[in-house]
Structures are given as structure tokens and as C-alpha cells.
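Whatever order the structure lists them in is the order used to number ligands and atoms, beginning at 1. These numbers were taken from a predicted model, which means no experiment stands behind them.
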Amino acid sequence: MLILGIESSCDETGVALISDKEGLLADALHTQIDMHRAYGGVVPELASRDHIRRAVALADEVLAKAGKRREDLDGIAVTEGPGLAGALLVGASVAHAIAWALEIPVIGIHHLEGHLLAARLADPKPEFPFLALLVSGGHTQIMRVESFGRYEMLGQTLDDAAGEAFDKTAQLLGLPYPGGPAVSALADKGRSGAIELARPMIHSPNLDMSFSGLKTSVLTAVRNAPNPEDEVFRADLARGFVDAVTDVLAAKLIRAMKQTKLKRVVVAGGVSANRQLRERLISEVKKRRGEIFFPPMRLCTDNGAMIAAAGLARFERMTPEALESLRGKGAFGVKPRWQLTDTERL
Ligand code: KG4
Ligand code: ZN
């Protein structure tokens with residue numbers, strides 16, 4: 001079975017080709033970071049227009065790389081949500097148009113299911129069940145993953161996502177969008193403990209989190225600094241911020257391991273590319289004799305491979321009748337707001 005995956009929920013157009021027998025055959029990505037940087041964040045209309053320019057060309061590119069033709073495709077997987085409505089509609093339009101022309105099925109994938117399954121593109125890959133910490137620009141959630149398509153929400157952020165906090169902190173420090181990698185690099189030059197920031201909800205007895213108070217605490221530190229431009233201050237603040245985020249995420253993950261008695265952990269989503277967070281979580285999980293898995297580094301942030309992988313997993317578990325019902329009909333929609341726990345159970 002040969003599946004084309006298309007991701008266009010935010011500022012990356014990602015396309016990939018995956019086969020049940022040969023695994024990931026090819027993937028291609030166009031990031032719009034340079035285009036949005038001038039505005040300090042993603043401009044939805046510009047994002048949609050750029051996805052239109054890239055999607056079909058990237059699809060042709062992965063087919064060429066893998067030495068396949070459009071006619072070889074058995075199905076298409078496309079991010080249906082959550083994300084920017086216009087951006088999602090571009091990916092969905094391209095997916096449904098190709099599927100309609102080829103008379104093949106098309107399936108809408110939840111973006112976070114993609115992030116989770118990206119960890120199974122690593123070697124070794126996590127077996128089910130596992131505990132998942134999803135940390136992206138829009139979501140911060142802890143879930144129990146029983147198997148493909150069986151997700152139980154255990155806790156989540158009540159306000160900002162961890163990635164959003166990275167991006168806003170970057171803005172306050174005058175670092176370019178997206179903030180994660182830049183804040184992380186600056187933090188490496190700072191001293192732990194020099195600036196202590198708030199760790200909201202770290203001691204709350206549940207698995208919920210909050211990062212907006214941390215953002216305010218960064219803002220207050222910048223406002224109160226005698227010279228906010230000072231290099232030592234900026235590096236110490238970045239360090240203080242990274243320490244606070246990693247402390248909260250580590251505390252909640254450990255609590256979740258205790259509560260669920262699950263020792264296998266998957267960390268996914270854009271922020272899982274963060275080196276400081278990876279190191280901290282690896283050491284905490286190892287201390288508790290658990291196993292921890294991450295997606296391959298380049299598949300942590302948005303990409304087409306994760307959508308192709310999720311699509312293949314769902315297609316493989318479908319009855320012939322269910323597959324038939326997904327054969328390109330030309331009509332489709334997207335779900336800009338969508339909970340992973342509301343996806344179809346498998
Ligand atoms: O998963 P993703 O690519 O897109 C969403 O689904 O949101 O995540 C993007 C987020 C951004 O907030 C970005 O700043 C953050 O992931 N990010 C990082 C790193 N790389 C990306 N945060 C911290 N450290 C990184 N190395
Ligand atoms: Zn994402």
C-alpha cells in the first residue's frame with residue numbers, strides 16, 4: 001500500500017510517501033518561516049497562499065524521488081485539523097482533487113496523531129501502550145495511548161502551550177520567530193538559578209499545566225531589568241525560562257508515570273526537538289527505569305511523513321467497505337478545532 005501524506009495546518013507544507021512494505025520512501029518540506037519572520041508570527045492568509053504555491057510541486061517531488069507515479073498511489077492522508085482554517089483547506093483541496101482524479105480513498109488525519117506516530121518512525125520504535133507528552137506550538141497535553149486511535153487525555157495546559165511560551169519569550173528577548181531554537185541556544189550561555197521564574201501549577205495534584213504565568217514572569221523580569229539589552233541578563237533569563245519549562249514538564253510527566261504505572265514514554269511535537277528538555281526527560285525517565293522515545297529530530301516539527309504514517313496506520317485497519325466510503329467524492333471539510341480524543345477510535 002502506497003500512501004501520500006500532506007500537512008498544511010500552519011506554516012510548513014510537508015509532503016511524504018510511505019509504503020506498508022518499504023516504510024518512508026521520500027519526504028519534502030517547505031517552511032514559510034522566512035516569510036512570516038518579518039511579522040513576528042504566522043500570518044494566516046499568507047500561509048494559505050504559500051501552501052497553494054507549494055503543495056502540488058512537493059507532491060510531484062516526493063513521487064519523483066521515490067521513482068513512483070501518481071497512478072501508483074493507493075490512498076492519500078491529509079491533515080484535517082486542528083490548525084488554520086485556510087491553510088488546512090489548501091491541503092485538503094489538493095488531497096481530494098488528486099484522490100478524485102485517481103479514484104483512490106482519502107483520509108483526514110488529526111495533526112497531533114501525526115506528531116505522536118512520528119515517534120514510531122524512529123528506530124527503535126515504542127510499542128503500545130505508552131504515555132505521551134505532546135508539546136507543540138498550539139498544544140501541551142499528556143495522554144495515555146492504548147494503541148493506534150485509542151487516546152485518553154490525562155492532563156493539558158489550561159492556557160498557553162509550551163511552544164507558544166517559547167515563542168513569546170523569544171519575542172520579549174528580541175529573538176527571531178519561531179522562538180524555540182533561538183531561546184534554547186541563548187539559554188546554553190546563561191547560568192541556572194541566576195534568574196528564578198514562576199513554575200505555575202507544578203505542585204498541583206493533577207496533570208494540568210499553565211504557561212501564561214511563566215510568560216508574565218518573563219515580561220516582569222524584562223521590565224524590571226536595569227538594562228534588558230545586557231547579554232548576560234538575556235542569557236540568564238533564557239536559561240531561567242528553559243529551566244522553568246523543563247521543570248514543569250518533567251514534574252508532570254513523572255506524576256503521570258506514577259499515576260498510570262506506565263514506564264514507556266513518548267515525547268513528540270515541535271518542542272520535543274529541544275535539547276535541554278530531551279536531556280532532562282531522558283535522565284528522569286531512566287532514573288525510574290522507564291523507556292523514553294522521541295521522533296527522529298527532523299520529524300519533531302511539522303512534516304508530511306507523520307501524516308503519511310498516521311494515514312497508513314488508519315488505512316491498514318479499515319474494512320474494505322470503510323475504505324470504499326473514503327474513495328474521492330469531491331466533497332470535503334476541515335476541522336480547525338478538533339480534540340485528539342474525538343477522532344474515530346480504532
Ligand atoms: O509541532 P510544531 O512544529 O507546530 C505545531 O503543531 O504547533 O511546533 C512548533 C513549536 C514552536 O512553538 C517552536 O518554537 C517550537 O515548536 N520549537 C522548539 C524547538 N524547535 C521548535 N521549542 C524549543 N526548542 C526547540 N529546539
Ligand atoms: Zn505540529
Using side-chain hydrogen bond (donor to acceptor under 3.5 Å, both in side chains) as the criterion, point out the one residue from Thr169, Asp160, Asp167 that pairs with Lys215.
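With Lys215 as partner, side-chain hydrogen bond (donor to acceptor under 3.5 Å, both in side chains) holds for just one option, Asp160.
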
For [X] and ligand 1, does the shortest N/O to N/O distance drop below 3.5 Å?
| X | value |
| --- | --- |
| Cys300 | no |
| Gly269 | no |
| Phe166 | no |

Would you indicate which of Pro181, Pro82, Ala165 comes nearest to atom 25 (C) of ligand 1 when only heavy atoms are counted?
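Of the listed residues, Pro181 has the closest heavy atom.
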
Those atoms of ligand 1 less than 4.0 Å from some heavy atom in [X]:
| X | result |
| --- | --- |
| Thr301 | 3 (O), 21 (C) |
| Ala273 | 26 (N) |
| Gly138 | 7 (O) |
| Gly163 | 12 (O) |

Could you tell me whether ligand 1 has any atom less than 4.0 Å away from a heavy atom of Cys10?
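Heavy atoms of Cys10 never come under 4.0 Å of ligand 1.
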
Measure the distances from the heavy atoms of His115 to every atom of ligand 1 and state whether one is below 4.0 angstrom.
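Right, His115 reaches ligand 1.
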
Considering non-hydrogen atoms of the protein only, which is the closest contact for [atom], and what is the distance?
| atom | result |
| --- | --- |
| atom 15 (C) of ligand 1 | Val271 CG2, 4.0 Å |
| atom 24 (N) of ligand 1 | Asn274 ND2, 3.0 Å |
| atom 18 (C) of ligand 1 | Gly180 CA, 3.5 Å |
| atom 6 (O) of ligand 1 | His111 NE2, 3.0 Å |
| atom 13 (C) of ligand 1 | Asp167 OD1, 3.8 Å |
| atom 2 (P) of ligand 1 | Asp302 OD1, 3.3 Å |
| atom 9 (C) of ligand 1 | Gly137 N, 3.7 Å |
| atom 20 (N) of ligand 1 | Gly270 O, 3.5 Å |

When you group the ILVMFWY residues by side-chain heavy-atom contacts below 4.5 Å and let the links chain together, are [Y] and [X] in the same group?
| X | Y | answer |
| --- | --- | --- |
| Val245 | Leu175 | yes |
| Ile109 | Leu134 | no |
| Phe315 | Ile104 | no |
| Leu88 | Trp338 | no |
| Leu84 | Ile33 | no |

Determine, for [X] against [Y], whether the closest basic-nitrogen to carboxylate-oxygen distance falls under 4.0 angstrom.
| X | Y | answer |
| --- | --- | --- |
| Glu146 | Arg144 | yes |
| Arg239 | Asp236 | no |
| Arg199 | Glu196 | yes |
| Arg275 | Asp188 | yes |

Do Phe293 and Phe130 have ring centroids that are under 6.0 Å from one another?
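No, too far apart.
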
Going by atom types only, do His51 and Thr13 share a side-chain donor-acceptor pair under 3.5 Å?
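The criterion, which ignores hydrogens and geometry beyond distance, is satisfied for Thr13 and His51.
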
Working to 10°, measure the angle at the Zn ion (ligand 2) formed by atom NE2 of His111 and atom NE2 of His115.
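Rounding to the nearest 10 degrees gives 100°.
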
By atom name, which N, O or S atom of Asp302 is the nearest to the Zn ion (ligand 2)?
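Nearest to the Zn ion (ligand 2) within Asp302's N, O and S set: OD1.
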
